[in-house]
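Here's the structure we're looking at; comments come further down.
Just so you know, ligand 1 is whichever comes first in the structure, and atom 1 is the first atom listed for that ligand.
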Amino acid sequence: MTMPTSQCPWRMQVHHIQQETPDVWTLSLLCHDHYPYRAGQYALVSIRNTADTLRAYTLSSTPGVSEYITLTVRRIDDGKGSEWLTREVKRGDYLWLSDAQGEFTCDDKPDDKMLLLAAGCGVTPVMSMRRWLAKYRPDTDVQVIFSVRSPEDVIFADEWRQYPLTLVAEHHAAHGFVAGRLSASILESVPDLAQRTVMTCGPAPYMDWVEENVKALGVTRFYKEQFFTPVAEAATSGLKITTLQPAKAFYAPVGTTLLEALESNHVAVNAACRAGVCGCCKTRVVSGEYRVTSTMTLSEEEQQQGYVLACSCHPQSDLVLA
Ligand code: FES
C-alpha cells in the first residue's frame, strides 16, 4: 500500500493498459471518488509513488464521457516517468495523481466553429476535447488536423473514425493521409478558417509554426498548450546568473523565468507543471534580487533561506544560485 503525497492526493488503480502505437500506451485508471477535471487538462503523476519525482501527463479521457480516467504516455528513452509507466506499471497497481490542472480547455470557448491541430502525442488533449464537444456541443463545427511521422503513429486510430479528420503523415503516407508536413495550403483548405477558434498542441516549433500561419490567415482566437514549453536559445546578454554547482555563468534576458534561463543553458532542473504548483523546480538563490509569482510548495523557512520555484522566479538583478 502506497501513501498519498501533498501534491498527489488522488489514488487511482490501473484497470488496463492498451498499446496505441509502437511507442505510446494508454493507462486506464479507476478512481473510487469523483475526480473533477475538464477536457484538455493534465495531472501530475507521482513517479514510483514517491514525493520527489513528479511528471505531468495530459488526461486523455473526457469527463462525463469516458468510463475511466486515462493517461496516454509516449515512452521516451531514459524518461524517468514514461519508462516506469509504460514498462513497469501493471494492471492492479496504484498511481497517485494531483488535482487536474491547466487552462488548455474548450469548455470556456463558446464558438460554434473550431479547428483543433495536433502533432504526435499532442493529440491527447485534442481527443479529450473532441469527445467533449461531440457530447456537450454537438452543433459545433469542429475540424481536426493531426500530423504524425507515419501512419502507424496515429494515436486513437480507431476512435478517430467517428470524427471528421485530416491526417498528415511526414513519411510513408498511405491512402487517407496527406503526404508531408502541415502546410499553409492545408490550412487554407479549412472552411471559414478566420472565423474559427484555433487550438493546438504538439512540439513547440510546430505550435509556433501554426500560430504564425493561422494568424497570417486571419485567425484571431488562438490558443496553444503552454505545458510544452520551448527551450529558448541561450541569451548572450542580460542579467548574469551564476551557478555554484555546476560552476557556470550565463545570461537571463529581463522578463524570463529562472527556469527558462536554466533550461536554455542546459543546467539540469526538474520541471513538471511549470506553473508554481508541483514544487519540482525548487532552487536556492544565494544572492541577488528576484520577484516570485508562486511560493505554493515552499515553507516560510525555505523562502527565508532563498529557496524559490524556478518556474515562478523572475530575476531582477544578477543572481548566484547554490
Ligand atoms: S515546475 Fe512545478 S513548481 Fe516549477
Side-chain angles (χ1 to χ4, degrees), residues 4-10 37-38 40-59 71 73-74 76 78-82 84-85 95-105 121-122 124-125 201 203-204 207 224-232 234 239 241 243 245 250 252-253 255-286 288-316 319 321-322:
T5 64
S6 57
Q7 298 299 311
C8 295
W10 294 92
Y37 70 108
R38 295 161 67 194
Q41 285 193 304
Y42 67 90
L44 304 174
V45 179
S46 166
I47 301 303
R48 297 185 184 281
N49 299 326
T50 58
D52 54 354
T53 308
L54 303 176
R55 290 290 180 272
Y57 294 100
T58 299
L59 299 156
L71 303 175
V73 180
R74 162 159 286 145
I76 298 165
D78 299 326
K80 257 189 184 177
S82 71
W84 179 66
L85 286 166
L95 303 181
W96 292 91
L97 271 66
S98 72
D99 290 344
Q101 299 169 24
E103 299 301 321
F104 190 67
T105 56
C121 228
T124 52
C201 185
M207 291 195 294
K224 61 183 170 184
E225 173 57 294
Q226 299 292 349
F227 165 66
F228 298 92
T229 304
V231 174
L239 302 171
I241 310 289
T243 58
Q245 271 181 350
F250 49 89
T256 57
T257 65
L258 182 56
L259 179 63
E260 287 163 345
L262 292 167
E263 286 182 330
S264 60
N265 287 280
H266 307 289
V267 178
V269 55
N270 280 327
C273 71
R274 298 176 180 275
V277 176
C278 71
C280 274
C281 61
K282 187 168 102 174
T283 305
R284 190 160 79 88
V285 179
V286 178
E289 303 291 317
Y290 52 86
R291 188 170 56 77
V292 293
T293 52
S294 169
T295 53
M296 201 182 277
T297 64
L298 300 174
S299 66
E300 279 293 323
E301 197 184 343
E302 285 175 321
Q303 292 174 51
Q304 278 160 17
Q305 291 167 353
Y307 281 100
V308 296
L309 299 173
C311 66
S312 308
C313 173
H314 298 263
Q316 305 291 305
L319 295 185
L321 309 181

(request) Mark yes when over 12 heavy atoms from residues, nucleotides or ligands other than E289 sit less than 6.0 Å from its CD; otherwise mark no. (result) no
(message) Looking at K282 and E302, is there a salt bridge between them, counting it only when a charged N and a carboxylate O are closer than 4.0 Å?
(response) yes
Specify the protein heavy atom at minimum distance from [atom]: its residue, its atom name, and the distance to 0.1 Å.
{"atom": "atom 4 (Fe) of ligand 1", "answer": "C281 SG, 2.2 Å"}
{"atom": "atom 1 (S) of ligand 1", "answer": "R274 N, 3.2 Å"}
{"atom": "atom 3 (S) of ligand 1", "answer": "G279 N, 3.2 Å"}

Under 3.5 Å, side chain of [X] to main-chain N/O of [Y], donor-acceptor pair present?
{"X": "S312", "Y": "A310", "answer": "no"}
{"X": "Q316", "Y": "H314", "answer": "yes"}
{"X": "Q304", "Y": "E301", "answer": "no"}

(message) If the cut-off is 2.8 Å, does any N/O/S atom of C311 fall short of it from atom 4 (Fe) of ligand 1?
(response) yes
(request) Show which atoms of ligand 1 fall inside a sub-4.0 Å distance from at least one heavy-atom site of G276. (result) 3 (S)
